[in-house]
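See below for the structure under consideration.
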Number of protein chains: 2
Amino acid sequence: MGRLATTADVFAAIAEPKRREIIEVLARQGAMAVNAIVHTLKLAQPAVSKHLAVLKEVGVVSSSKRGRQRVYRLRGEELKAVHDWVKMYEQFWSHQLNSIRARAEHAAREQAANSKKDES
Amino acid sequence: MGRLATTADVFAAIAEPKRREIIEVLARQGAMAVNAIVHTLKLAQPAVSKHLAVLKEVGVVSSSKRGRQRVYRLRGEELKAVHDWVKMYEQFWSHQLNSIRARAEHAAREQAANSKKDES
DNA sequence: CGAATATATTCCAATATTGGAATATGTCAA
DNA sequence: TTGACATATTCCAATATTGGAATATATTCG
């Protein structure tokens with residue numbers, strides 16, 4: 001069928017490069033009005049507002065009013081989910097040789113357990 | 001205009017839940033034929049092949065022939081990019097209070113530097 | 001109130017994505 | 001060679017996404 005909503009989860013939200021840039025800028029500045037982001041990243045205002053809406057929907061940013069401005073702030077807690085997920089595979093890029101062996105042994109154990117199902 | 005290709009980078013590749021599942025299974029098993037993935041995840045074979053193609057395009061998996069099977073293996077090195085990126089924001093979820101203060105101070109310094117540009 | 005500023009929203013076109021069905025390709029086995 | 005098996009590819013429909021232009025919605029100021 002179709003494809004799944006970008007607002008579904010954090011992984012989809014940070015898949016868009018411009019949104020990652022917004023996150024980076026917000027992390028540096030701490031809190032910014034929309035216009036500040038527009039000027040910093042040289043994006044169109046509607047585009048920025050839309051990206052912020054997506055990030056807010058997922059909980060990566062929060063906003064508050066200040067005069068006629070709307071100030072956005074990074075709420076990195078949501079990014080922890082990504083960190084935790086990807087960290088599970090840390091062994092795959094660190095300690096190259098050791099991890100390869102460890103992985104192979106682990107796999108061997110797993111396969112011994114359910115040898116009849118997989119690998120047909 | 002349109003949207004950008006999902007095969008562009010790792011972030012887009014792991015944005016799709018089914019692909020994350022494939023990564024998880026490959027990490028556990030070490031190496032799997034397509035059929036093993038099909039049975040484990042209960043997905044249709046063409047769907048699995050397509051997802052594997054995307055993952056391979058980005059470099060997250062590699063494949064090798066073994067008889068009439070094609071064995072896929074996780075190449076987690078590519079995931080390091082995601083890890084590195086998201087780790088930059090670790091302060092936003094760990095040591096809650098300390099990091100908030102540190103961030104505020106950092107922002108204050110930044111803003112003092114270019115106070116006339118931003119925040120209008 | 002009326003004008004200006006800041007931001008959000010709507011509408012639109014171009015394009016990408018996903019899953020499913022059918023089919024193609026490749027490889028082993030008898 | 002023929003058939004069975006494993007996987008990839010193509011074609012299709014439904015849907016989502018992105019950016020841009022125009023417009024709507026506050027909110028402040030004079």
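Below, each value reflects all heavy atoms present in this structure, side chains not excepted, and no hydrogens, waters or symmetry copies. A, B, ... follow the sequence lines: proteins, then strands. Residue 1 opens every chain.
Residue A/His51 has a polar side-chain atom (N or O) positioned under 4.0 Å from OP1 or OP2 of D/dG19. OP1 and OP2 of D/dA6 both lie 4.0 Å or more from every side-chain N or O belonging to B/Tyr72.
Contact of A/Lys50 with D/dG20 (side chain to base): a donor-acceptor pair of N or O atoms is detected under 3.5 Å.
Between the CG atom of B/Leu43 and the C1' atom of C/dA21 there is a distance of 16 Å, rounded to whole Å. In this structure, B/Leu52 atom CG and D/dA6 atom C1' are separated by 13 Å, rounded to whole Å. In this structure, CG of B/Asn35 is placed 15 Å from C1' of C/dG26, rounded to the nearest angstrom. Atom CD of B/Glu21 is separated from atom P of C/dG19 by 11 Å (rounded to the nearest Å). Atom P of nucleotide C/dA16 and atom CD of B/Glu16 are separated by 17 Å, given to the nearest angstrom.
Checking A/Lys18 against A/Pro46, the closest nucleotide of DNA chain D that is more toward the 5' end is the one next to A/Lys18. DNA chain D is contacted by both A/Ala47 and B/Ala47; B/Ala47 maps to the nucleotide lying nearer its 5′ end (nearest heavy atom per residue).
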Each nucleotide of nucleotides 23-30 of chain D classed B (base within 4.0 Å of a protein heavy atom), S (only sugar-phosphate) or -, in 5' to 3' order, makes ----SBS-
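For the salt bridge (charged side-chain N to carboxylate O under 4.0 Å, His left out) test, no residue two or more places apart in sequence or in another chain qualifies with B/Lys56. Residues passing the side chain to side chain contact (heavy atoms under 4.5 Å, CB included) test with B/Arg20, sequence neighbours excluded: A/Asp9, A/Phe11, A/Trp85, B/Ile14, B/Pro17, B/Glu24. Legend: residues meeting salt bridge (charged side-chain N to carboxylate O under 4.0 Å, His left out) with B/Lys80, ordered by chain and number and at least two apart, are B/Asp84. In this structure, the side chain to side chain contact (heavy atoms under 4.5 Å, CB included) partners of A/Arg70, at least two apart in sequence or on a different chain, are A/Ser63, A/Lys65, A/Tyr72.
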Please walk me through it: do A/Glu21 and A/Lys18 pass salt bridge (Lys or Arg N to Asp or Glu O under 4.0 Å)?
CA-CA 5 Å; A/Glu21 288 187 39; A/Lys18 305 271 175 59; over 6 Å; no
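The ring-ring contact (aromatic ring centres under 6.0 Å, His included) contacts involving residues 14-37 of chain B comprise nothing, where partners must be two or more places apart or lie in separate chains.
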